[in-house]
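Heads up: numbering here begins at 1 and tracks the sequence. Just so you know, ligand 1 is whichever comes first in the structure, and atom 1 is the first atom listed for that ligand. These numbers were taken from a predicted model, which means no experiment stands behind them.
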Amino acid sequence: MIKVLPSEISGTIKINPSKSITQRAYAIASLCNEKSVILNPSNSDDSLSSLNIVKGMGSIVERYENSVEIIGLKREVKEKFNCNEAGLCIRMFTPILSLFEKEIEITGKNSLLKRPVGMMVKPLERLGVILETNNGYPPIKIKGKLKGGYTEVDGSITSQFLTGLLIALTQVEENSEIKVKNLTSKPYIDLTLDLLEKTGVTIENRNYETFFIKPKKLKPLNIKVEGDFSSACFMLVSGAIGGKVRVENLNPDSKQADREILNILLQSGCKIKIGENFIETEQSTIRNFEIDVTNCPDIVPSIIPLGAKGEKPSKIYGISRLRFKESNRVEGLIEEFSKIGVKIEADENSMTVYPSNIIGGKADSRNDHRLAMALAVCGLVSKNGVEIENYKCVSKSYPNFFEDLRKLKGKVIIEGGK
Ligand SMILES: O=C(O)C1=C[C@@H](OP(=O)(O)O)[C@@H](O)[C@H](O)C1
Ligand SMILES: C=C(OP(=O)(O)O)C(=O)O
């Protein structure tokens, strides 16, 4: 158990690197037989899970203090892979592992075993791959080998499979065309296309509805991973409601989906300063906001404390998919945040966050990293502090979250610890 006490926060932190960019970089590097160098990679659990898959595919991987080097040799591929709890990892690597002519099992643990993967079956079947799932959930048995051609993808639950398919189809012999219906989380596809572009691959994207891919030998990837906007959201909101915070290592022009936080903060009337490599927020009177999160679902837990401190109710649209993340985030946000005095209501696809008196108390993260971090931010501006059960899950995306909170003078007490 950890407790976050009411605190006036101030200071500067360097935000941790993006796990979305890191995992894509590892996947792409694993398909290139020259040395790729990835600087400032994320050390989150999810990123490490993806690196493990790459090792299992036979790539040579060298880890240094602040970089990872990968030579993707595709020598001996293992038969069993485990993605732990990383959704991107299982949905991105399934099409990539289909490139091998071998029977492979890919699975995960805990929450990942309850996350849908059935949307990959039909589109891969059209491209010569047989997938067997556990009624639409992991484990997945893959019988390759992937070939190019025409296929159709349903993007209404996740964009992550499309990311993997786009990457994998650069490594077959034939040209490919993918028709995509109802694509959600579109900026994440831009991240994929951007990274592929850096290896010399240009994929034609017609309005996120049709993608044309031509096979190509990839050039090695040499990148420095950007700071993570999804992590930064929690700290920027903390500054806006509870003190003054500067978050460094952020690219204000980033293509990351959760850069949307800037619009939400501006809409809410927050004081924001944007520099070349940092963003700063300062305690402000919060109005309210209205936002559609179809393309940036991860932002939702981080903006709950902002809505709760608003003068009027805030509205969040496009939330239906939050039910398929590490926890059912719709249910978790309503039930756990009500325990500390935050009132939230939801219907099938929208949510209202009411101005609330955040008294504090005890709540459970349900092992969802973003719920744990949002509860912590509420603790800072609560009357009595917030005790968070199952707080260690923050390592899924932001392993040093509580250390950073302390650096910002947040009062954090670990039960039985320091
Ligand atoms: O591609 C990615 O890096 C991600 C895409 C999003 O998933 P969906 O496409 O399932 O919305 C997001 O929620 C996830 O945390 C990371
Ligand atoms: C949903 C998330 O990640 P993933 O889907 O990769 O598990 C997340 O980080 O909030």
For Phe93 and Phe81, I'd like to know if the aromatic rings sit close, meaning centre-to-centre distance below 6.0 Å.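 Ring centres of Phe81 and Phe93 not closer than 6.0 Å.
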Considering only non-hydrogen protein atoms, determine which one is nearest to [atom] and report residue, atom name and distance to 0.1 Å.
atom                    : answer
atom 10 (O) of ligand 1 : Thr158 OG1, 2.6 Å
atom 1 (O) of ligand 1  : Arg24 NH2, 2.7 Å
atom 3 (O) of ligand 1  : Ser20 OG, 2.6 Å
atom 2 (C) of ligand 1  : Tyr188 CD2, 3.2 Å
atom 16 (C) of ligand 1 : Gln160 NE2, 3.5 Å

Using a strict threshold of under 4.0 Å (side-chain N to carboxylate O), is an ion pair present between Lys396 and Glu85?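 No, no charged N to carboxylate O under 4.0 Å.
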Do Arg206 and Glu209 sit within salt-bridge range, that is, some charged N less than 4.0 Å from a carboxylate O?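 Salt bridge between Arg206 and Glu209, a charged N being under 4.0 Å from a carboxylate O: no.
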Does anything in residues 123-139 pair up under side-chain hydrogen bond (donor to acceptor under 3.5 Å, both in side chains), and if so which pairs, sequence neighbours excluded?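 Passing the test, one end in residues 123-139: Glu132-Lys143.
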For ligand 1, which atoms have a heavy atom of [X] less than 4.0 angstrom away?
X      : value
Arg321 : 8 (P), 10 (O), 11 (O)
Ser185 : 6 (C), 8 (P), 9 (O), 11 (O)
Pro297 : 11 (O), 13 (O)

So is [X] touching ligand 1 or not, going by heavy atoms under 4.0 Å?
X     : value
Met92 : no
Gln23 : no
Leu88 : yes

Residues [X] and [Y]: side-chain donor-acceptor under 3.5 angstrom:
X      : Y      : value
Asn182 : Ser156 : no
Asn16  : Asp228 : no
Asn390 : Ser365 : no
Thr202 : Glu197 : yes
Asn52  : Ser49  : no
Asp292 : Thr294 : yes

Heavy atom under 4.0 Å from ligand 1: found in Ser159's side chain, backbone, both, or neither?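 Both backbone and side chain.
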Please evaluate residues Arg323 and Ile157 with respect to the criterion side chain to side chain contact (heavy atoms under 4.5 Å, CB included), reporting the C-alpha separation (whole Å), side-chain torsions for both, the decisive distance (0.1 Å), and the verdict. CA-CA 10 Å; Arg323 296 183 175 87; Ile157 289 190; over 6 Å; no
What does the list of residues with a heavy atom under 4.0 Å from ligand 2 look like, ordered by chain and number?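 Ligand 2 pocket, heavy atoms under 4.0 Å: Lys19, Glu85, Ala86, Gly87, Leu88, Arg115, Gln160, Asp298, Lys325, Glu326, Arg329, His369, Arg370, Lys396.
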Without swapping roles, check the side chain of Thr184 against the backbone of Gly155 for a donor-acceptor pair under 3.5 Å.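 Checked: pair present.
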For ligand 1 and Asp298, I'd like to know whether there is a polar contact (N/O to N/O, distance under 3.5 Å).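 Yes, at least one N or O pair falls under 3.5 Å.
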